[in-house]
Amino acid sequence: MTLDRWLSRIPIDSPSPFMKQLPTIVGFAIAVLIALVPNEIPVDSGLLFAIGSAVVVVASIFSFVIPWSRFHPQWAVLVPILSLLAIGLLRIATGGSSSPFGVLILLPFVWIASEEGRTNILLAVLMILIVLVAPLLFSGLANSGADIVRAFFAPVIYCLVAIVINEIAHRMRTQLAAARESNEKQETLLSQAVTAQDELVLKEARLKTANRLIQSIWNAVTEQSVIGTDLDGLIDVWNPGAEKMLGLTEKQVLDGHHHVTEFHLPSELAQRIEDMDARFTTVASSDEFSALVDTVRAGSADVRDWTYVRPDGKQVAVQVAATPRLDENGHRVGFIFVATDMTQAREFARLKDEFVGLISHELRTPLSSILGYLELMRDDEDAPLSEEQLQYLSVAERNAHRLLRLVGDLLFTAQVESGRFPLEIKDVELDSVVSASIESARPIARNAGVTLVSDVPEQRLDVRGDPVRLGQAVDNLVSNALKFTPAGGTVTVSLRPDGPQAVIAVTDTGIGIPAVELGRLSQRFFRASTATRNAVPGVGLGLTITKAIVTAHGGRLDIASEEGVGTSISIVLPVETPQPVTEALPQAELAP
């Protein structure tokens, strides 16, 4: 083992047994040097002197060599015990009770007394008693009475001193432990503070980066108007898109304390209020704002068409998505309105509808002419057709009728989109309308191998409406159910009263519709993925027409479906009279 490894055993920050033994080593060495000076202090017994010196050397070596940290701290007391025995032998060898080296016993005595535990007090006193009485045992009764008293009285004093030393050492250890614990806590807190500061700096840098990114995105949104308000509708957020759309800068809006309803068409707000709950029948400022956020307050986002009004009076057709504005705790603190300019989109839609209506209307005349000439060819008695020619003629008639129905559907949807949807309101026996649709569909169901079930009550169920259009709506639903139901399936058509409403339900056990596509079924030309996968014929206008008819009668269309299980579509009609639509096209222009 090298010298460096030995020196590494000497602890600098805590008192090891060697460090505690070092004062005894120095004191004992000085005593030995003095005793060896001729004619100064007589050495009565050279053997005891040599043994005592050897014992203190062994104790000193033990204090340095033995790895005391591996043992219980109490075992280190062996070093001062050996040192006390060595000092006792030195004391006997240099004059006994009168030896000038007796004072050395204080060094190992203090060590023993200062160790943790009350038993060390007794151990220290016992060793002192042995050291003090030993000279008397060696010299017999030749000692004076004072020496005997000193030998037994001194341990009592040493006992008191040991108690004081032990208590002081105990308190110092307690204070030192508390100081170390406090220091460790401070270091831990300091380390946590440094870590927290580093994280804070990092988060601050990330926040600045995120803010710059958000600001860049915010400034880049110029095609959509984003307006933020508080809970009362006062505007406090105004993006560049709103500035472009409405012609006011952010400073003008925020400094002017503008309300979001100021940029809406009053007639639209009033109409929305009429459509809302009865508690909003009085048009007031708060009610006008409720017309914009009533659905959002109920917990849902709201997407609706509105008309913005610029300060110069110009109107802008927009589609507005209203959503709640939340704070960091998830509490609603306002509202966000994101508006998209729909002017061009609506103009394109209008032109498209006009084009579809025009083409459809223009196609009806030649198709009607074709069907007329085909009928003349079939009924011409002067030039009768052969069986093969009649078969070809039937194919032509069937396709011409199919094309005429498609043209009629296109024309009908164009009328709906243009807001000119005619109804001939009269008393309608709804049970008769539904029964007629069922009977008309029975041959189709029989050929398709589908069971058609009628669940229509015998008693009359009257409503006010257009019997032709209502029959068309029911025909569309039954036809769709038969098309989407494989052979062996069942289609059930039912009619029932439901309070102030009448419900017509068409339920099938067909291929079903994916849940994500249910909201798009009433869009023109939309076909469910299950329909395209199974190659079911159609153009995607049936439900669009049906919904338009039902809506025009003040009702609604409820759709429920599960892919692979079936579909149920219900027409819910009010029993009271629907309001007829004005600006109707001439009856001659309607689809058959």
Side-chain angles (χ1 to χ4, degrees), residues 275 353 356-357 360-361 364 368 401 404-441 444 454-457 459-482 493-506 521-524 538-559 569-592:
D275 296 338
D353 291 336
V356 170
S360 301
H361 188 268
R364 286 176 59 103
S368 299
H401 279 293
L404 186 61
R405 285 194 300 270
L406 177 59
V407 170
D409 289 343
L410 289 172
L411 182 59
F412 185 83
T413 56
Q415 293 171 356
V416 171
E417 291 295 331
S418 65
R420 298 182 297 175
F421 181 18
L423 289 177
E424 290 187 355
I425 302 299
K426 60 179 70 174
D427 291 331
V428 180
E429 294 181 13
L430 199 56
D431 52 310
S432 298
V433 172
V434 175
S435 297
S437 294
I438 295 173
E439 293 305 318
S440 299
I444 301 174
S454 174
D455 185 13
V456 179
Q459 65 271 25
R460 286 181 52 173
L461 182 58
D462 295 343
V463 297
R464 293 281 293 175
D466 187 325
V468 176
R469 293 305 177 192
L470 290 176
Q472 184 181 3
V474 178
D475 288 344
N476 286 342
L477 294 187
V478 176
S479 174
N480 276 350
L482 292 173
V493 184
S494 63
L495 172 65
R496 69 179 188 278
D498 186 11
Q501 298 172 327
V503 180
I504 305 169
V506 179
L521 289 179
S522 59
Q523 296 179 4
R524 281 191 301 173
V539 293
L541 288 175
L543 279 181
T544 304
I545 293 173
T546 301
K547 183 176 181 181
I549 294 172
V550 173
T551 303
H553 282 78
R556 70 176 189 273
L557 197 65
D558 295 338
I559 304 176
I569 303 180
S570 300
I571 297 175
V572 183
L573 296 172
V575 177
E576 63 269 12
T577 305
Q579 295 294 327
V581 178
T582 59
E583 294 189 36
L585 288 177
Q587 188 66 25
E589 293 184 9
L590 294 180

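With sequence neighbours excluded, the residues that form a side-chain hydrogen bond (donor to acceptor under 3.5 Å, both in side chains) with Ser432 are Glu429. Under the rule for a side-chain contact (heavy atoms from CB on, under 4.5 Å), the partners of Ser494 that lie at least two apart in sequence or sit in another chain are Asp455, Ala505. For Asp475, the side-chain contact (heavy atoms from CB on, under 4.5 Å) criterion is met by Ser437, not counting sequence neighbours. The side-chain contact (heavy atoms from CB on, under 4.5 Å) test applied to Ser440 returns no partner, not counting sequence neighbours. Under the side-chain contact (heavy atoms from CB on, under 4.5 Å) criterion, Leu461 pairs with Leu495, Pro497, Ala502, sequence neighbours left out. Qualifying side-chain hydrogen bond (donor to acceptor under 3.5 Å, both in side chains) partners for Asp498, counting only residues two or more places apart in sequence or in other chains: none. Applying the salt bridge (Lys or Arg N to Asp or Glu O under 4.0 Å) test to Arg496 and every residue at least two apart in sequence or in another chain returns nothing.
Separating the CG atom in Leu482 from the CD1 atom in Ile444 is a distance of 6.5 Å, to the nearest 0.5 Å. Rounded to the nearest 0.5 angstrom, Leu557 CG and Ile571 CD1 are separated by 6.0 Å. Taken to the nearest 0.5 Å, the CD1 atom of Ile569 stands 12.0 Å off from the NZ atom of Lys547.
Shortest non-hydrogen contact noted between Pro457 and Asp431 is O-CB, 4.4 Å. Smallest separation of non-hydrogen atoms from Leu573 and His553: CD2-CB, 3.9 Å.
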Take Val428 and Arg464 through the test side-chain contact (heavy atoms from CB on, under 4.5 Å) and record every step on the way to the result.
CA-CA 6 Å; Val428 180; Arg464 293 281 293 175; over 6 Å; no
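Put simply, the side chain of Asp466 does not reach to within 4.5 Å of the side chain of Leu470, judged on heavy atoms. Val493 is not listed as a side-chain neighbour of Val456, based on a closest heavy-atom distance of 4.5 Å or more.
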